[in-house]
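What follows is one structure encoded as structure tokens, with my remarks underneath.
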Amino acid sequence: MTPFSPPGTRICLLLALQLAVLCATPPGVFPQSARSDTAPQSPRVGLVLSGGSARGFAHIGVIEALESAGVEVDVVAGTSMGAIVGGLYAVGYGPKTMLSVAGDADWDRIFNDAPFRGDLPPERKPEVDRLLYAFPVRDGRPRLPSGFIAGQRLGQFLSLLLWEYHPVVDFTRLPIPFAAVATDAESGAAVRLGRGYLPAAIQASAAIPSVFAPVEYRGRLLTDGGVARNLPAEDAAALGADVLVCSDVSKPLQPADSLRDLLAVLDQTIGYRGWYSTLEQRELCDVLILPDIAGLPATAFDRAAEWAHRGREAALAALPRLEARLVTMGVSSGDGALGGSRRRRADGRPSADSVQLVAIEISGLERATERFVLYRLGLEAPERYTVAEIDEGIRRVYATGRFRSVAYRLDTPGGRASGSAAAGAGDGPARRVLALELVETRGSHVGFGYRYDSRYKASVLLSGVLSDALGYGSRLAVDLRLGEQGEVRGRLTRRLGGRLQFLVGAEAGYRRMPFDVYEGDLRVSTPRAYVSQGALAVGIGLWNAGFLGLRLKAEYADLDEFRAAGPPFTADSEAFYTASALFELDSQDRPDFPRRGVRVRLRAERADPFGGPHDFEQFVADLHGALPAVGGLSLLGHITLGTSTGADLPDHYLFFLGGSNSYYLFPTRHFPLAGLHTMERHGRHVQALRVGLQYAIGDHLATRFRWNAGTTLASWTVDSDLLTHGFDLTGAVVTRFGTAALSVAARDLESLPNLVLDVGFPF
């Protein structure tokens, strides 16, 4: 062919050449020139979120600023708190919703695995109420746990927020592809988590060493990702990101003049590796955002809005750098490189709040039965439930003390899904299988508590619980109280039956108790009672609130020291027997300064059913109530009535009245009354009424005002002129480390007030 070939010939040859090229191209692969109608793809933006405890809330503000600028995030990688924020964002939570979740969450409870008091059976309430800390017992010896917190409540928190995406195995199939980074507890290597169960992956990434127990995940023992890689830039790149936008709230190493105490040095030593890893990861970032972390502690979880504001300000300042970077990658800057065709995502929560349970599957049982678990769970299939009701059922199972962890998944019927389509609820409630994964524990532990009060000074409680000592479900508890009020006591309880719970129990103990004897306002003597007793009880459990039953008791009281006190004390020291009918109900939300709930003790006791030196009857009704009103305000009420019949009432069975605090060695015979000294009044009968107001500021601060009137009597009568009046004003700090309460008590505004201090736990 020559250059002078006719035009038609050249056109035919060109068409033939193009056809040959097309035929030789593999299916699905075309030269760019053949797709001239397709615009070049925008670079994929990866969002990288570091760990940093509460500082991680700053990431929410970063996300808000990016969205307001029109940046559409294509992949997310996070570590620790960055994994929590990033995981929520990946499934559809927007910045406003995440900020609402962070503000509404009870972070003190999330970081405390103690069961909700209302979920505890009656016999377990004292075990939890009275102890500062309990160490698990394994192989007959106390052991240190693998973490101060097992992480049960954090796991439930994440499972509840992410329930729609429980079936998704491949995290790249989430609305935004996502990966969390954890640390292998065995090797110390960083582990990228991109498959499995999303809540557990995020929990593993946030399992701060020594605070949270490591998480077993897909055959590995994992802990907080901040140890190995606190800023997971390379992990976002591995997900396909072209541009890495990194939000880093890592704490830098401190200068030498800041290392003034042991904790500071220890924190610095632990942080070396993480900090140098962070510096390496920063080199990979195209845009590095550094929110201001000065002036707020990393534990300020209650200041999420302030953290978010700091993140937003830092991100807004970094937006020009991001735009410049996108321009260098070929994104048009016509109307701003950050706008383009990208759109802002909707800000929302999961699309549904209920599921249709088609089945309940339970795994991990060794000693417990499915019947026991299902009874405590309180759910049935097939049935429709809200996810909050399912979460409450999980709480009840955990509160039994039989399981170290109770994890759950809401899977799709037929197995877990690999794609995000499985997460949709469809038309109506989603059909799900509730899969429980249980890790059993014997529940045995040893623990200690403390108390200081103005009258009896310091006391220490040592307590141990041995589970399954006499068959599965039995609990043997032994207490040793050291102080002016002394006690050693053992209690054996066991629950029998299914939904109708029968309780059987036995108790033996020894108490040493000082009794104050007053003449008028003057304490004249303090005799002591030394009481040994053994008892058998049987009854019916009233859900988690109480007990109705009968008790037979044998008792010996050494009351010789009362001899010098004079009438009405008899100083009789003899063995005797009693039979009692008991009703106890306790639905209070906490033992100290309850904000809601009731506590009722009713006792009818008769001595001696078999004949003996004492012949008396005693009836007691003690009722407490706290009714929420508005805000943190609660209305308080307390009524106590007690009466005794018969001539042979032992000295320590007299009713004693006085003081602002409650005492617990003889809780149905010793009652507080503000304005009186402890035990200032005594008699065969008691009448008392207290009403008041309590205002709680959050979970930890409370102030309370109570007015009361009461009396003790030698013979029963109702006469308002015999009542002693008084009031107290109390300020308290209620924490997991005990309650500190300071009261000012007086009979009237003209009387000299008493200062009453009570610190510690109720025992």
Side-chain angles (χ1 to χ4, degrees), residues 104-134 149 152-153 156 302 392 395-396 398-401 447-453 461 463 542-547 584-601 622-638 660-664 667 672 690-706 728 730-743 756-763:
D104 294 341
D106 188 341
W107 293 99
D108 283 334
R109 286 200 176 274
I110 290 172
F111 296 142
N112 179 7
D113 279 338
F116 285 89
R117 196 169 186 272
D119 295 332
L120 291 171
E123 64 271 22
R124 288 207 65 211
K125 282 185 171 73
E127 297 174 13
V128 175
D129 291 345
R130 302 178 305 164
L131 298 181
L132 171 63
Y133 193 72
I149 304 165
Q152 171 67 27
R153 197 161 288 158
Q156 282 188 239
D302 58 336
E392 290 172 2
R395 277 177 21 206
R396 289 191 295 269
Y398 178 70
T400 63
F448 66 95
Y450 73 95
R451 179 171 179 170
Y452 177 90
D453 63 78
L461 176 69
S463 180
L542 303 176
W543 305 281
N544 291 329
F547 168 82
E584 295 186 1
L585 185 68
D586 185 351
S587 65
Q588 293 180 332
D589 62 333
R590 58 188 185 188
D592 288 323
F593 294 84
R595 295 158 292 188
R596 64 183 63 85
V598 297
R599 187 176 79 236
V600 177
R601 289 192 181 104
D622 190 41
L623 299 85
H624 297 247
L627 177 66
V630 293
L633 187 66
S634 297
L635 307 179
L636 306 178
H638 181 190
S660 291
N661 298 326
S662 296
Y663 300 101
Y664 303 93
R690 287 194 294 178
V691 294
L693 297 174
Q694 177 178 289
Y695 185 73
I697 305 172
D699 285 337
H700 300 303
L701 298 178
T703 183
R704 179 181 68 193
F705 174 80
R706 295 180 300 185
D728 62 4
T730 304
V733 180
V734 183
T735 74
R736 73 183 69 175
F737 304 106
T739 298
L742 180 63
S743 301
V756 181
L757 179 64
D758 193 7
V759 180
F761 295 86
F763 64 82

Please give me the minimum heavy-atom distance between Phe737 and Leu132, naming the atom from each residue.
CA-CD1, 3.6 Å
What I'd like to find out is whether the side chain of Ser660 reaches to under 4.5 Å of the side chain of Thr730, using heavy atoms alone.
no
Please round to the nearest 0.5 Å and tell me the distance separating atom NZ of Lys125 and atom CZ of Arg130.
14.0 Å
Can Val128 and Leu120 be said to form a side-chain contact (heavy atoms from CB on, under 4.5 Å), step by step?
CA-CA 9 Å; Val128 175; Leu120 291 171; 3.7 Å; yes
Distance col, row Leu461:CG vs Tyr664:OH, nearest 0.5 angstrom, shows 12.5 Å
Show the nearest heavy-atom pair for residues Asp119 and Ala399, with the distance to one decimal.
O-CB, 3.4 Å
Looking at every heavy atom in both Gly760 and Asp592, which two are closest together, and how far apart are they?
O-OD2, 4.1 Å
State, yes or no, whether a side-chain contact exists between Tyr452 and Leu757 at a heavy-atom distance under 4.5 Å.
yes
Donor-acceptor contact present, side-chain Asp622 to main-chain Arg601, <3.5 Å
no
Heavy-atom closest contact (Arg595 atom, Gly698 atom, distance):
NH1-O, 4.0 Å
Between Thr703 and Gly731, is there a donor-acceptor pair closer than 3.5 Å when you use the side chain of the first and the backbone of the second?
no
Take Arg451 and Asp758 through the test salt bridge (Lys or Arg N to Asp or Glu O under 4.0 Å) and record every step on the way to the result.
CA-CA 7 Å; Arg451 179 171 179 170; Asp758 193 7; 3.2 Å; yes
Rounded distance [0.5 Å steps], CG in Asp108 versus CG in Asp302
8.5 Å
Begin from the C-alpha positions of Leu635 and Leu693 and carry the test side-chain contact (heavy atoms from CB on, under 4.5 Å) through to its verdict.
CA-CA 5 Å; Leu635 307 179; Leu693 297 174; 3.3 Å; yes
Considering all heavy atoms, the nearest Ala702-Phe593 contact:
CB-CD2, 4.2 Å
If I take atom CG from residue Asp728 and atom CZ from residue Arg706, how far apart are they, to the nearest 0.5 angstrom?
4.0 Å
Kindly give the heavy-atom pair with the smallest separation between Pro122 and Gly546, and that separation in Å.
CG-O, 3.3 Å
Using 0.5 Å steps for rounding, measure from the OG1 atom of Thr739 to the CZ atom of Phe761.
7.5 Å
May I ask you to establish whether Arg153 and Phe116 are in a cation-pi arrangement, using a distance under 6.0 Å from NZ or CZ to the six-membered ring centre and at most 45° from the ring axis?
yes
side-chain contact (heavy atoms from CB on, under 4.5 Å) between Leu742 and Val756, worked out
CA-CA 6 Å; Leu742 180 63; Val756 181; over 6 Å; no
Give a yes or no on whether a salt bridge exists between Asp699 and Arg590, defined as a side-chain N under 4.0 angstrom from a carboxylate O.
no
Checking Arg117, Arg599, His624 against Asp586 for side chain to side chain donor-acceptor pair (under 3.5 Å), the one that qualifies is Arg117
Do Phe763 and Leu131 make a side-chain contact, defined as non-hydrogen atoms from C-beta onward lying under 4.5 Å apart?
no
Below 4.5 Å, heavy atoms only, C-beta onward: do Asp589 and Pro594 meet side chain to side chain?
yes
